[in-house]
There are 2 protein chains.
Amino acid sequence: MASQTEENYLKALFNLANPEGEINISDLAQQLEVSMPTANSMVKNLQKRGLVQYEKYKPVKLTSVGKKEAALIIRKHRLTEMFLVNKMGFGWEEVHEIAEQVEHIHSPKLFERMDEMMGFPTVDPHGSPIPDKQGRIQNLQLKSLIEANPGQEAVLSALADSSTEFLQYLNSRDLKLGTELKILSKEPFDQSMIVSYGSVEKETLSQKVCEKLLVKIFEAN
Amino acid sequence: MASQTEENYLKALFNLANPEGEINISDLAQQLEVSMPTANSMVKNLQKRGLVQYEKYKPVKLTSVGKKEAALIIRKHRLTEMFLVNKMGFGWEEVHEIAEQVEHIHSPKLFERMDEMMGFPTVDPHGSPIPDKQGRIQNLQLKSLIEANPGQEAVLSALADSSTEFLQYLNSRDLKLGTELKILSKEPFDQSMIVSYGSVEKETLSQKVCEKLLVKIFEAN
DNA sequence: ACAATTTGTTAGACTATTCTAACAAATAAT
DNA sequence: ATTATTTGTTAGAATAGTCTAACAAATTGT
Ligand SMILES: [Mn+2]
Ligand SMILES: [Mn+2]
Ligand SMILES: [Mn+2]
Ligand SMILES: [Mn+2]
C-alpha cells in the first residue's frame, strides 16, 4: 500500500503530466516543495514499485497502474471537497486543505457513503471531474472564457485555478459555477472582457481571470 | 505539532492510565503493538517535548499539557464516530477504524462543523463521553449491569468494551444504547443474568457480557 | 560551436520510527 | 534470602523521507 507521501507524489505526477504524460523532476520537486534530489529518489522508489516508468535524465511517466492509483486518490479528494461543500456547509475556498488530508484515509466505505449521500456527483466544487471507481475521468471539453466572443453566452462550469485567492476573488464578484455570463465586449488591447451576469449589469474581467474561467459557450438568441 | 505517531501514543497513555495516572511501558507497548524499546524511546521523546513526566524504571505519567492534547485527539475521534453514525448511516461497529484515522486531521473547523451539525453531543456512539474544547471530560458515574439486582431496571448507557466483536454480539441481541433492561433474575453460580427488554421477553446475559454493559439503575415501580 | 543556464544525479548526512539482542532492575515465587 | 520471572533499558541497526554540496548532462543563447 502506498504511503501518504507516495500518494502525494502520485497525485502531483498525475496533475503535472503534459499531454504526452511526461513530467520533469524539477516541476515535481517544485509542486511538492521538496528539493530535486528528494523528488529524484522518490521517483526511483516509485519505479521500483511499478508506479512510474523512468530512465536517467528522461522525463518521468506514470504507468497505467500508477495512473489508476493517482486517479483513485483524486477521486477521494474531490468527493471529500464536494461532501464538505454540499453536506457540511463549507465554502469552495475552504475545502482543499481538508481534502488534502482526508484523501489519504483508507476506507472504501466512507467514500462510498459520501458518494451515495450526494447522489453520485460527477464534478467537484470547482468543476473538476471526479474519477469513477475504476479511475476513469471524463473529459468535459470546456473552453476558456477568453475564447468567447461578444454576443455569446457562457456558463461558468469549471476553473483552471482553484487557489484560495482566486476563489475569494470569485466570491467577491458573486461568480459561481453555473453562472450565465453574457459577453458584452472584449478589449483588443489587453484581452479583458466586459460581461453581465445575474444581477451584475457590468463587470470587467481581466485576461488573467478570463483564462481561468472554463465555460460552455452558447450563441445567445 | 505532534506527529500522527505521537498522537497515537498520547491517546494510548491517556486510555491506559490507572487511577493515579500512571502507565507501564510494557502496557503501552502492548497497546500500540510495538516493542518495549520502541515505546521506551517514544516516552523519552514525549518527555523532551513536555508531554509526559518520566524517570527511569518508574511508570510514565502524562503532564497536564499532555493530558489536554490527548483529550483533544479523543474529542476528534469521538465526534467523528458520532458523525459517521448519526449523519452518515454507519453502524456503531464500523466507525472506530475510520475514526482512528480521521482523528489526526488538522482542521478545527471540520470538527466544529460536525459538532454543530449534531447539536453538540456529549457522548459517542458507544456511550463514551466526548471531551469538550478545553479537553475536559465529564464523568458519568455509570455502574456495571452486574451490580443491578432482580426487580430493578437499568438503562444501557455505555460500554466498557467497544470491540467489533462485542458490538456485533449486541447487534445480534438487539441491544442498543438507551435500551431499558428489566432484571428478572441473577444466577448465583455463574453471575449470569436473565433480563427482558423491548420485544425480548427473556434473554440470558453471561457475567462477561454484564460486566461490559454500563447502565443507569432504577428501582422498578 | 561554445558558453551559460537549467535540469538532473550522486554522495553523504540527518530525523523519525521501528526492530533485535543483550543486559539490568524490579517484582514475584519459592 | 535466593532464584525466577517480568519489566525496563541500552546499544546498534534498518527504513522512509528529507536535506545540502558537488558534479554531470541537457538545453538555451549567442
Ligand atoms: Mn482540491
Ligand atoms: Mn494529500
Ligand atoms: Mn473508537
Ligand atoms: Mn489514530
Side-chain angles (χ1 to χ4, degrees), chain A residues 1-13 15-62 66 69-70 73 100-101 103-106, chain B residues 1-13 15-18 20-62 66 69-70 73 100-101 103-104 106:
Chain A
M1 193 140 36
S3 70
Q4 197 151 316
T5 309
E6 287 170 326
E7 289 188 344
N8 284 333
Y9 276 88
L10 287 174
K11 220 170 37 122
L13 286 165
N15 288 325
L16 292 172
N18 69 16
E20 292 80 48
E22 297 175 335
I23 310 101
N24 295 327
I25 300 268
S26 74
D27 294 343
L28 180 62
Q30 189 165 22
Q31 170 84 16
L32 291 166
E33 303 183 274
V34 296
S35 67
M36 275 207 287
T38 298
N40 183 269
S41 84
M42 180 55 84
V43 163
K44 285 178 180 174
N45 161 52
L46 293 173
Q47 182 192 31
K48 233 182 299 171
R49 310 216 20 203
L51 300 168
V52 306
Q53 185 188 316
Y54 162 72
E55 280 167 279
K56 257 198 194 183
Y57 295 107
K58 295 217 283 169
V60 194
K61 264 188 91 169
L62 284 167
E69 275 238 17
I73 300 156
E100 201 58 50
Q101 300 175 64
E103 70 192 358
H104 304 292
I105 287 177
H106 295 297
Chain B
M1 193 139 37
S3 71
Q4 199 153 313
T5 308
E6 288 169 325
E7 289 189 344
N8 283 334
Y9 276 87
L10 288 174
K11 220 169 38 120
L13 287 165
N15 288 326
L16 291 172
N18 68 16
E20 292 80 50
E22 297 175 336
I23 309 100
N24 295 325
I25 301 268
S26 74
D27 294 343
L28 180 61
Q30 188 165 21
Q31 171 84 14
L32 291 166
E33 302 182 272
V34 296
S35 67
M36 275 206 288
T38 299
N40 184 268
S41 85
M42 180 55 86
V43 163
K44 285 177 179 172
N45 163 52
L46 293 173
Q47 181 192 32
K48 231 182 300 170
R49 310 212 23 202
L51 300 169
V52 305
Q53 186 189 316
Y54 162 70
E55 279 168 279
K56 255 197 196 186
Y57 295 106
K58 295 217 283 168
V60 193
K61 265 188 90 168
L62 284 167
E69 275 236 18
I73 300 156
E100 202 58 50
Q101 300 176 63
E103 70 191 358
H104 304 292
H106 295 297

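Values below: every heavy atom of this structure, side chains too, minus hydrogens, waters and symmetry copies. The chains referred to below are lettered A, B, ... by the order of the sequence lines, with proteins before strands, and numbering in each begins at 1.
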Worksheet item: If only side-chain N and O atoms of A/Y9 are considered, is one of them under 4.0 Å from the OP1 or OP2 phosphate oxygen of D/dT18?
Response: yes
Worksheet entry | Whole-Å distance separating the NZ atom of A/K48 from the C1' atom of D/dT15 | 11 Å
Fill in: Distance, rounded to the nearest Å, where A/H104 contributes NE2 and D/dG17 contributes P
12 Å
Worksheet item: For B/K58, which contact category applies under a 4.0 Å heavy-atom criterion: base, sugar-phosphate, or nothing?
Response: nothing
Worksheet item: Just how far, in rounded Å, is P of C/dA16 from CE of B/M1?
Response: 15 Å
Worksheet entry | Presence of B/N24 side-chain N/O under 4.0 Å of D/dG8 phosphate oxygens OP1/OP2 | yes
Discussion item. To check you understand the geometry: which heavy-atom pair defines the closest contact between A/Y54 and A/Q47, and what is its length?
Written reply: O-NE2, 2.7 Å
Fill in: Between D/dG8 (P) and B/I23 (CD1): distance, integer Å
11 Å
Worksheet item: Base, sugar-phosphate, or nothing for B/T5, non-hydrogen atoms under 4.0 angstrom?
Response: sugar-phosphate
Worksheet item: B/E7 has an atom CD; how far is it from atom P of C/dA16, in whole Å?
Response: 16 Å
Worksheet item: Which is true for A/S41 with a 4.0 Å heavy-atom rule: it touches a base, it touches only sugar-phosphate, or it touches nothing?
Response: base
Worksheet item: Counting N and O atoms only, with roles assigned by atom type, does the side chain of A/Q31 sit under 3.5 Å from a partner on the main chain of A/A12, one being a donor and the other an acceptor?
Response: no
Discussion item. Regarding B/H104 and B/E7, do their side chains bring together a donor and an acceptor under 3.5 Å, going by distance alone?
Written reply: yes
Worksheet item: If you check every side-chain atom of A/M36, which of C/dA24, D/dT10, C/dT7 has the closest atom?
Response: C/dT7
Worksheet item: Looking only at side-chain N and O atoms, does B/Y57 come under 4.0 Å of OP1 or OP2 in C/dC23?
Response: no
Discussion item. Quick check for you: to the nearest 0.5 Å, what is the distance between A/L51 atom CG and A/E6 atom CD?
Written reply: 7.5 Å
Response to the item:
Result for 5'-nearest mapping on DNA chain C, choosing between B/P37 and B/M42, is B/M42
Worksheet item: Can you check the A/R49 CZ to D/dA16 C1' distance for me, whole Å?
Response: 12 Å
Discussion item. For a 4.5 angstrom cut-off between non-hydrogen side-chain atoms, does A/L46 reach A/L13?
Written reply: yes
Discussion item. Applying a 4.0 Å non-hydrogen cut-off, can you work out what B/S35 is touching in the nucleic acid: base, sugar-phosphate, or nothing?
Written reply: base
Worksheet item: Considering only side-chain heavy atoms of B/I25, which listed nucleotide, D/dT9, C/dT9, C/dT18, is closest?
Response: D/dT9
Discussion item. Looking only at the side chain of B/N45 (C-beta and beyond, no hydrogens), which of the listed nucleotides C/dT17, C/dT18, D/dT9 gets closest?
Written reply: C/dT17
Discussion item. If you compare every side-chain N and O of B/S26 against the phosphate oxygens of D/dT6 (OP1, OP2), does one of them come in below 4.0 Å?
Written reply: no
Worksheet item: Taking C-beta and beyond as the side chain, do B/I23 and B/K61 meet within less than 4.5 Å on heavy atoms?
Response: no
Worksheet entry | Integer-rounded Å distance: D/dG17 C1' and A/N8 CG | 13 Å
Worksheet item: How long is the line joining CG of A/N40 and P of D/dG17, in whole Å?
Response: 15 Å
Practice prompt. By nearest nucleotide on DNA chain D, pick out whichever of A/K56 and A/E33 is the more 5' one.
Written response: A/E33
